[in-house]
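To start, the structure under review is shown below, and the notes come after it.
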Amino acid sequence: MSGYKSKIQSNEIDFLCEAILKLQTIEECYRFFDDLCTINEIQALSQRMQVAKMLKDKRTYQDISVTTGASTATISRVNRCLNYGSDGYEIVLSRLEENK
């Protein structure tokens, strides 16, 4: 992790991260997450990513809530991570932007 120490870091989570990094296509991601997560878990993760993208695009909480169905608590949590978190959302969102 190049010097970064996560609150959740463990050998088991390292193994999960390594597994995710081995996925090469969207279909492989669907297959993996189909097996790994419940529908509700994967939808919650997906919703948080959409909320993060919309917050980065300066959309309002009201607009985000109506569009994604996310609660204001979820939006606030994602916003807190964007502003004071570990930059995980920022890393992914900027790389997704680069690949457009």
(request) Would you sort out whether Leu36 and Leu16 count as a side-chain contact (heavy atoms from CB on, under 4.5 Å), showing the intermediate values? (result) CA-CA 10 Å; Leu36 183 67; Leu16 172 63; 3.9 Å; yes
(message) In this structure, would Tyr89 and Leu96 fall into the same cluster of hydrophobic residues linked by side-chain contacts under 4.5 Å?
(response) yes
Can you tell if the side chain of [X] reaches within under 4.5 Å of the side chain of [Y], non-hydrogen atoms only?
X: Leu93; Y: Met49; value: yes
X: Leu55; Y: Tyr61; value: yes
X: Arg59; Y: Lys53; value: no
X: Lys22; Y: Phe32; value: no

(request) Check the pair Gln47, Gln43 against side-chain contact (heavy atoms from CB on, under 4.5 Å), reporting the backbone distance first and the verdict last. (result) CA-CA 6 Å; Gln47 182 185 66; Gln43 286 174 334; over 6 Å; no
Judged by atom type as modelled, is there a donor-acceptor pair below 3.5 Å linking the side chain of [X] to the main-chain atoms of [Y]?
X: Ser65; Y: Ser71; result: no
X: Glu41; Y: Cys37; result: no
X: Ser76; Y: Thr72; result: yes
X: Asn83; Y: Asn79; result: yes
X: Ser86; Y: Gly88; result: no

(request) Take atom CD1 of Ile39 as the centre, draw a 6.0 Å sphere, and report whether it contains more than 12 heavy atoms from other residues, nucleotides or ligands. (result) no
(request) Under the side chain to side chain donor-acceptor pair (under 3.5 Å) rule, collect the residues that match up with Asp34, sequence neighbours excluded. (result) none
(message) Can you give me the closest heavy-atom contact between Asp63 and Met54, atom names plus distance?
(response) O-CE, 4.2 Å
(request) Indicate the atoms forming the closest heavy-atom contact of Ser94 with Ile91, along with that distance. (result) OG-O, 3.1 Å
(message) I need the single residue from Ile20, Ile13, Asp14 that forms a side chain to side chain contact (heavy atoms under 4.5 Å, CB included) with Cys17. Which is it?
(response) Ile13
(message) Would you compute the distance between atom CD of Gln62 and atom OG1 of Thr67 and round it to the nearest 0.5 angstrom?
(response) 9.5 Å
